[in-house]
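To start, the structure itself, in structure tokens.
Just so you know, residue 1 is the first one in the sequence shown, and it goes up from there.
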Amino acid sequence: MQRHTKAALAAGFAAVATMALSAPAAAAEGAGDEPDTRRVDDSFTVTTLNDNGYATFVDYGPGKPGHGMNDDYIEIDDTWADGYDVRVEAWLDGSSQGVRVYDDGAWGDVLVWDPFPNVKAGQEVELEVCLTDGSGIHHQCGEGGDVSADG
């Protein structure tokens with residue numbers, strides 16, 4: 001049950017982020033002002049092969065609580081109480097930006113991690129999401145990425 005609740009919340013946050021991005025851009029165009037440069041939502045999610053953990057690259061969203069809207073960060077979560085942590089490695093244009101291990105378990109809050117400088121149009125963001133037990137062995141690894149359309 002917890003698994004479905006967190007997945008639904010993640011989908012809801014993505015939808016809110018998408019709506020927040022599209023509304024100001026449309027208003028700016030109609031008013032004759034400079035268009036919003038964040039027109040394309042480059043966000044994407046990568047899960048472990050068994051869907052027990054995930055990482056979402058967020059192009060633009062609420063960021064860390066209390067810090068206001070933010071650009072280019074990762075949300076990490078564990079969706080199943082299986083005794084494993086979720087390990088995420090992030091790359092920007094093939095260069096590792098670091099590794100973060102989420103060890104709060106399925107009942108913890110989503111972890112917000114910001115390993116990136118400002119991602120620019122044409123840069124490639126890649127994520128690897130694995131389960132780990134702290135021994136250094138990773139399994140059920142999923143990989144994915146995307147090229148930023150507008151930074």
Inset, instruction - Please check if any side-chain donor atom of Asp42 sits under 3.5 Å from a side-chain acceptor atom of Ser148, or the reverse. - result: yes
Legend entry - Worked check of side-chain hydrogen bond (donor to acceptor under 3.5 Å, both in side chains) between Thr47 and Asp51: CA-CA 5 Å; Thr47 66; Asp51 292 330; 2.9 Å; yes
Inset, instruction - Would you check if Asp72 and Asn118 make a side-chain contact, meaning some heavy-atom pair closer than 4.5 Å? - result: yes
Inset, instruction - For residues 117-146, pull every pair meeting salt bridge (charged side-chain N to carboxylate O under 4.0 Å, His left out), keeping only residues two or more places apart or in separate chains. - result: Arg87-Glu128
Inset, instruction - Assess whether side-chain contact (heavy atoms from CB on, under 4.5 Å) is satisfied between Asp104 and Leu111, documenting all intermediate values. - result: CA-CA 9 Å; Asp104 279 353; Leu111 172 68; over 6 Å; no
Legend entry - Closest non-hydrogen atom pair, Val112 against Glu75: CG2-CG, 4.5 Å
Inset, instruction - For Val46, enumerate each residue passing the side-chain contact (heavy atoms from CB on, under 4.5 Å) test, keeping only those at least two apart in sequence or located in another chain. - result: Phe44, Leu127, Val129
Legend entry - disulfide (SG to SG under 2.5 Å): pairs with one or both residues in residues 72-151, sequence neighbours excluded: Cys130-Cys141
Inset, instruction - Indicate, with yes or no, if Trp91 and Val119 share a hydrophobic cluster defined by side-chain heavy-atom contacts under 4.5 Å among Ile, Leu, Val, Met, Phe, Trp and Tyr. - result: no
Legend entry - Audit row: Leu131, Asn50, side-chain contact (heavy atoms from CB on, under 4.5 Å) steps and yes/no: CA-CA 9 Å; Leu131 296 181; Asn50 61 2; 3.5 Å; yes
Legend entry - Smallest separation among heavy atoms of Ala106 and Ala81, with atom names: CB-N, 3.6 Å
Legend entry - 4.5 Å side-chain heavy-atom contact, Val110 and Tyr54: yes
Inset, instruction - Would you mind reporting whether Asp59 and Asp71 have side-chain heavy atoms less than 4.5 Å apart? - result: yes
Legend entry - Any residue meeting side-chain contact (heavy atoms from CB on, under 4.5 Å) with Asp114, in chain and number order, not counting sequence neighbours: Asn70, Tyr73, Phe116
Inset, instruction - Output all residues satisfying side-chain hydrogen bond (donor to acceptor under 3.5 Å, both in side chains) with Asp85, sequence neighbours left out; order by chain, then residue number. - result: none
Inset, instruction - Can you see which heavy atom on Ser96 is nearest to which on Gly98, and at what distance? - result: OG-N, 3.2 Å
Inset, instruction - Applying side-chain hydrogen bond (donor to acceptor under 3.5 Å, both in side chains), name anything that partners Asp93, two or more places apart in sequence or on another chain. - result: Gln123
Legend entry - Within-4.5 Å side-chain heavy-atom neighbours: Ile76 and Arg100: yes
Inset, instruction - Any chance you could lay out the side-chain contact (heavy atoms from CB on, under 4.5 Å) test for Tyr102 and Asp77, step after step, and finish with the verdict? - result: CA-CA 7 Å; Tyr102 177 81; Asp77 201 7; 3.5 Å; yes
Legend entry - Distance-minimising heavy-atom pair for Ala121 and Ala149: CB-O, 3.6 Å
